[in-house]
Amino acid sequence: MVHKITLIPGDGIGPEVSNAARRCVDATGVKIDWEIAEAGADIIKKYGTPLPDSTLDSIRKNKIALKGPLTTPIGTGFRSVNVAIRKELDLYACLRPTRSYKGVRSRYENIDLVIVRENTEDLYAGIEFEEGKPETKSLISEIEKLGKKKIKSDSGISIKPISISGSKRIVKFAFEYAVKHGRKKVTAISKANIMKFTDGLFFKAAQEVAKEYAGKIEYEERLIDNMCMQLVQKPELYDVLCLPNLYGDILSDLCAGLIGGLGIAPGANLGEGIAVFEAIHGSAPKYTGQNKVNPVAMILSAVLMLDYLGEKEAAKKLDNAVAKVIAAGKSVTYDLKPNRDDPTAASTSQMADAIISAL
Ligand code: NAD
C-alpha cells in the first residue's frame with residue numbers, strides 16, 4: 001500500500017531535518033508518495049500569506065502531514081503558522097512522548113513521560129487586544145464595568161478561553177492513549193487555585209472523564225508550579241501528563257530538557273482522523289543551511305507517524321536504528337557529543353546516513 005503524505009519542509013533548519021526524516025522513512029521500505037507543500041515567512045512574497053490554502057487543502061486531502069519547523073517573528077509580524085495549522089484543522093491534541101535514549105548525556109536516566117497538551121484553546125487562541133487601540137480601551141472599560149476590577153489603561157489584553165467540551169476531549173484523549181499504550185496514570189495539571197473559572201473548569205472536566213476510567217487508569221491532579229518542581233526532583237513518579245495549551249508548551253521543553261535536549265524530542269498534533277507530525281523544536285535560525293543540527297527529533301516524529309499509519313514494524317525498526325546510532329555515539333551531531341566543539345561530530349545528513357545504515 002502507498003501512503004500519500006503531505007511534506008512541509010519548513011524554514012530555518014526545517015528543510016535539512018525534514019529531508020533527513022524523509023530519507024529515513026523511505027529507507028524503511030514503507031511506500032510513501034510525498035506531496036510537498038509550502039508554508040512560512042519565505043513564501044509570503046509568492047502567495048501573499050505564510051499559509052496558502054493549497055497547503056491546508058493538501059493536509060485535509062491526505063489527512064496526514066510531516067512538518068518541519070516554521071519561524072514565528074516575536075512581538076510583531078504575522079501570527080504563528082504552526083498555531084494556525086493546528087486551529088484550522090482542529091488538531092486538538094498535541095502528543096509529546098519523552099523517553100531517555102542510552103548514550104545521551106543528561107542529568108536523568110530512564111525518563112518515560114508522555115505529554116498530552118490541548119492545542120486549540122487557552123492563551124494560544126490568538127484573541128489579543130493591542131495596547132492603546134480603541135477596541136482595547138472599550139474592552140477595558142467593559143471589563144471594569146462587568147468585573148468590578150481596575151485595569152491599567154496602558155494594558156494589552158490576551159484572552160484565555162477554556163471550554164468544558166475542549167477540556168473533556170483532551171482528557172479523554174489522554175486516557176484513551178493511556179489505555180492503548182499500557183500506561184497506568186494520567187495527571188491533570190493546571191493552576192486551578194488562581195484561575196478558578198478556566199483552570200478550575202479544566203480540573204472539573206478532567207474529574208468527570210476520569211470517572212469513566214476508574215479502576216483502569218489512575219487519575220491525579222497537580223498545580224503547574226509544583227509540577228515543574230516535582231518533574232525536576234522525581235520524574236519517575238509520573239506517566240501521562242495532560243495540560244491546557246500554554247502549560248503544555250512550557251512543560252514540553254522542561255521534559256525535553258530531562259532527556260537531554262530538543263534535538264531528540266518528537267511530537268504529533270492529532271485531530272479526528274487527521275494528523276500533523278513535527279518535532280518540538282523550532283527553526284533554530286542561527287543554524288540555517290549549516291547541515292549541523294540533530295535530525296533525530298524530526299526522525300522520531302516520523303516514527304510516531306509510521307506508528308499512526310499502522311506501519312508498526314517499520315516504526316520499531318527506525319526507532320531501534322536511532323537508538324543504536326545514539327548509543328554508539330560516533331555518527332552523532334555536535335549536541336550529542338561530550339564536547340559541543342568536537343570536530344568529529346556528524347552533520348545532519350551524515351547522522352541520517354548512519355541511521356539508515358543501522359536499519
Ligand atoms: P528553537 O527550538 O528553534 O531553538 C532553540 C535552540 O535549541 C537552538 O538555538 C539550538 O541550540 C537548539 N536546537 C533546536 N533544535 C535543535 C536540533 N534539531 N538540534 C540541535 N539543537 C537544536 O527555539 P527558538 O530559538 O525559541 O525558536 C526559533 C523559531 O522557531 C521561532 O521563530 C519560533 O517561533 C519557532 N518555533 C517553531 C516551532 C514549530 O515549527 N512547531 C516550535 C518552536 C519554535
Side-chain angles (χ1 to χ4, degrees), residues 7-21 24 37-44 50-51 55 59 65-89 91 94-96 101 104-106 115 117 119 124 126 245-246 248-257 259-270 275-302 304 322 325-326 332-337 340-342 345-352 355:
L7 178 66
I8 303 172
D11 55 31
I13 57 166
E16 299 159 48
V17 290
S18 304
N19 190 42
C24 288
E38 296 174 287
D42 300 347
I43 62 156
I44 297 180
L51 182 57
T55 295
I59 309 174
L66 183 62
K67 182 190 141 307
L70 292 163
T71 305
T72 309
I74 292 176
T76 57
F78 58 85
R79 288 197 171 278
S80 167
V81 178
N82 306 304
V83 175
I85 291 174
R86 293 167 201 161
K87 284 195 67 146
E88 281 293 328
L89 303 174
L91 302 170
C94 178
L95 179 71
R96 291 174 164 176
Y101 280 83
V104 179
R105 259 153 292 277
S106 164
I115 293 192
R117 162 189 173 191
N119 234 356
Y124 268 69
N245 210 336
L246 178 63
D249 186 30
I250 296 167
L251 223 62
S252 295
D253 271 36
L254 190 152
C255 289
I259 57 161
L262 285 169
I264 53 168
N269 299 295
L270 303 149
V276 175
F277 296 84
E278 61 176 341
I280 295 184
H281 67 69
S283 56
K286 68 180 178 196
Y287 293 118
T288 303
Q290 294 180 29
N291 192 23
K292 179 173 174 156
V293 296
N294 193 338
V296 164
M298 195 68 191
I299 295 169
L300 291 179
S301 302
L304 295 178
V322 168
V325 170
I326 294 178
V332 296
T333 45
Y334 73 100
D335 55 313
L336 297 182
K337 291 283 187 186
R340 289 169 79 91
D341 299 320
D342 188 333
S347 66
T348 308
S349 51
Q350 283 168 338
M351 187 164 183
I355 292 167

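Both counts, for ligands and for their atoms, begin at 1 and track the order of listing.
- Near L262, with a cut-off below 4.0 Å to any heavy atom, the atoms of ligand 1 are 2 (O), 7 (O).
- Between I280 and ligand 1, no N or O atom pair is found at a separation short of 3.5 Å.
- Across every non-hydrogen atom of P295 and A20, the tightest pair is CB-CB, 3.6 Å.
- Annotation: side chain of K292 is not in contact with side chain of I13 (no heavy-atom distance under 4.5 Å).
- At least one donor-acceptor pair under 3.5 Å links the side chain of T348 to the backbone N or O of V293.
- A heavy-atom distance below 4.5 Å is found between the side chains of R340 and D335.
- Those atoms of ligand 1 with a heavy atom of N82 less than 4.0 angstrom away are 37 (C), 38 (C), 39 (C), 40 (O), 41 (N).
- Not a single heavy atom of K292 lies less than 4.0 angstrom from ligand 1.
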Inset, instruction - Start with the C-alpha distance between R117 and N245, add both sets of side-chain angles, then the distance that settles side chain to side chain contact (heavy atoms under 4.5 Å, CB included), and finish with yes or no. - result: CA-CA 6 Å; R117 162 189 173 191; N245 210 336; 2.8 Å; yes
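- The side chain of R86, and not its backbone, has at least one atom closer than 4.0 Å to an atom of ligand 1 (non-hydrogen atoms only; side chain from C-beta on).
- Q290 CD to T288 OG1: the interatomic distance, rounded to the nearest 0.5 Å, is 7.5 Å.
- Between the side chain of N291 and the main chain of S347, no donor-acceptor pair closer than 3.5 Å is present.
- Any N or O atom pair closer than 3.5 Å counts here, and E278 shares at least one such pair with ligand 1.
- Not a single heavy atom of V17 sits under 4.0 Å from any atom of ligand 1.
- Under a 4.0 Å criterion applied to the non-hydrogen atoms of V293, ligand 1 contributes the atoms 17 (C), 18 (N), 19 (N).
- When atom types are taken as modelled, the side chain of D11 and the backbone of T71 share a donor-acceptor pair closer than 3.5 angstrom.
- Heavy-atom contacts of T71 reach the following atoms of ligand 1: 32 (O) (cutoff under 4.0 Å).
- Residue contacts with ligand 1 for N294 involve both N, CA, C or O and side-chain atoms from C-beta outward (heavy atoms, distance under 4.0 Å).
- Looking at ligand 1, you'll find an N or O of G282 within less than 3.5 Å of one of its N or O atoms.
- Proximity of M298 to ligand 1, defined as any heavy-atom pair under 4.0 Å, is not found for any part of the residue.
- For the pair H281 and ligand 1, the shortest N or O to N or O distance falls below 3.5 Å.
- Of all atoms in ligand 1, numbered sequentially from 1 with element shown, those under 4.0 Å from a heavy atom of Y334 are 20 (C), 21 (N).
- Near P69, meaning under 4.0 Å from any of its heavy atoms, are these atoms of ligand 1: 40 (O).
- Below 3.5 Å of separation, one finds an N or O of L70 facing an N or O of ligand 1.
- Heavy-atom distances between A297 and ligand 1 stay at or above 4.0 Å for every pair.
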Legend entry - side chain to side chain contact (heavy atoms under 4.5 Å, CB included) assessment of E88 paired with I59: CA-CA 11 Å; E88 281 293 328; I59 309 174; over 6 Å; no
Inset, instruction - For Y101 and L336, run side chain to side chain contact (heavy atoms under 4.5 Å, CB included): C-alpha distance rounded to whole Å, both residues' side-chain angles, the deciding distance at 0.1 Å, then the answer. - result: CA-CA 11 Å; Y101 280 83; L336 297 182; over 6 Å; no
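- Residue-level proximity to ligand 1 for P285 is carried by the side chain, the only part with a heavy atom below 4.0 angstrom.
- Contact atoms of ligand 1 toward K286: 9 (O) (distance under 4.0 Å to a heavy atom of the residue).
- In plain terms, the two heavy atoms of S106 and G257 that are nearest each other are OG-O, 4.4 Å.
- Within the 3.5 Å criterion, the main-chain N or O of L51 finds no donor-acceptor partner in the side chain of T55.
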